[in-house]
Amino acid sequence: MSDSTAGAVLVCDRLTKRYGDRLAVDGLSFAIRPGERYGLLGPNGAGKTTTISMVCGVLRPDDGTVLVDGQPAAEARGTIGYVPQDVAVFPDLTARENLAFFGRLLGLRGTALRRRTDEVLETVELADRATDFVVKFSGGLQRRLNIAIGLLAQPRLLVLDEPTVGLDPQARNGILEAIERLAAEGVATLYTTHHIDEAARLCTRLGIVDHGRLIAEGSPAELVAGGGSGQRLRVAVGHHSDALVDGCRALPAVVDVVAVDGHLDLTVDEAPAATAGVLALAERLGVPVTDLELRRPDLETVFLGLTGRALRD
Ligand SMILES: Nc1ncnc2c1ncn2[C@@H]1O[C@H](COP(=O)(O)OP(=O)(O)O)[C@@H](O)[C@H]1O
Ligand SMILES: [Mg+2]
């Protein structure tokens, strides 16, 4: 193993998984150190869930290895807390009763169980709802309870699969804050998302995944800086025109063009020349331009440049 994996809680080396003919995860390697908040960012179907299922020992890789604290994943149970995408709690029990049930499965009893239950309720800010029945919880509260369950064993690595999907902004925020508190305690987190804004806010390091491959990795700032110096010009058009796309591509000030529903995203060297060129071209082709927006590179434009696709819900 290289120096970059020294001291890592998790080392994935060339993980590979096929479902029949479909290569879902294709030689994926990454490592996570204590206290890091590592995000796998990618569109639906990119292979995120399959990857973390292998990390957590739920799925066996066809090829490659997972080391947790230097041990094969199968021998490292207890080191990893796994919070699956689907909430797995008992609705007819209270929050505390749920935690007691899962805590007993881990061998916790008596005072130790009560103390740990109190701690995890505190971490996810559910202490004031401890004796409420879970059936009455909103989606966000149920997710937080799910995270609390994943924390019972005091894992060094917490793995969360799209923990904010389907939640309103306030509930999402509650989840993100819980993850931030955990990281401050030194717990490493691996989480998957297809929300760019969330990844940008939460993650100290990101792996961008597409078609089962890690196509870029770094802190959000590094990824944006590495995305090239070009500015992004977004041109909203009245209708799609292949001739306009091809014509834009041929303009000297334009580096790249991606057509996404209803607009063109251009990477440009020289914004004024590119803008003038695009407008003249659209006019000549009879394509109405309904909006123009010049943006500095951000994670979204980087993602677009890497994958040629926008990330949407
Ligand atoms: N149990 C399965 N059987 C067959 N194909 C699957 C199965 N699970 C996932 N896939 C396929 O593998 C690819 C990766 O899926 P997944 O890991 O769930 O991606 P993500 O979590 O990024 O949305 C997708 O093309 C998906 O359709
Ligand atoms: Mg998934």
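Computed from a predicted model, the values in this text were never measured in an experiment. The first residue in the sequence is number 1, and the count goes up from there. Order of appearance sets the numbers: ligands from 1, and atoms from 1 within every ligand.
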Would you say T49 has an N, O or S atom lying under 2.8 Å from the Mg ion (ligand 2)?
yes

Smallest separation among heavy atoms of P220 and A200, with atom names
CG-O, 4.0 Å

Taking the side chain as C-beta and beyond, is there a heavy-atom pair between D210 and P43 under 4.5 Å?
yes

Would you check ligand 1 and list the protein residues that come within less than 4.0 Å of it by any heavy atom, ordered by chain and number?
Y19, R22, A24, P43, N44, G45, A46, G47, K48, T49, T50

Would you call R201-E198 a salt bridge at under 4.0 Å N-O?
no

State, with a plain yes or no, whether a side-chain heavy atom of R234 is found less than 4.5 Å away from one of L264.
no

Hey, which of T51, V11, D13 is the one that makes side-chain contact (heavy atoms from CB on, under 4.5 Å) with F30?
T51

So do the side chains of I80 and P155 get within less than 4.5 Å of each other, counting heavy atoms only?
no

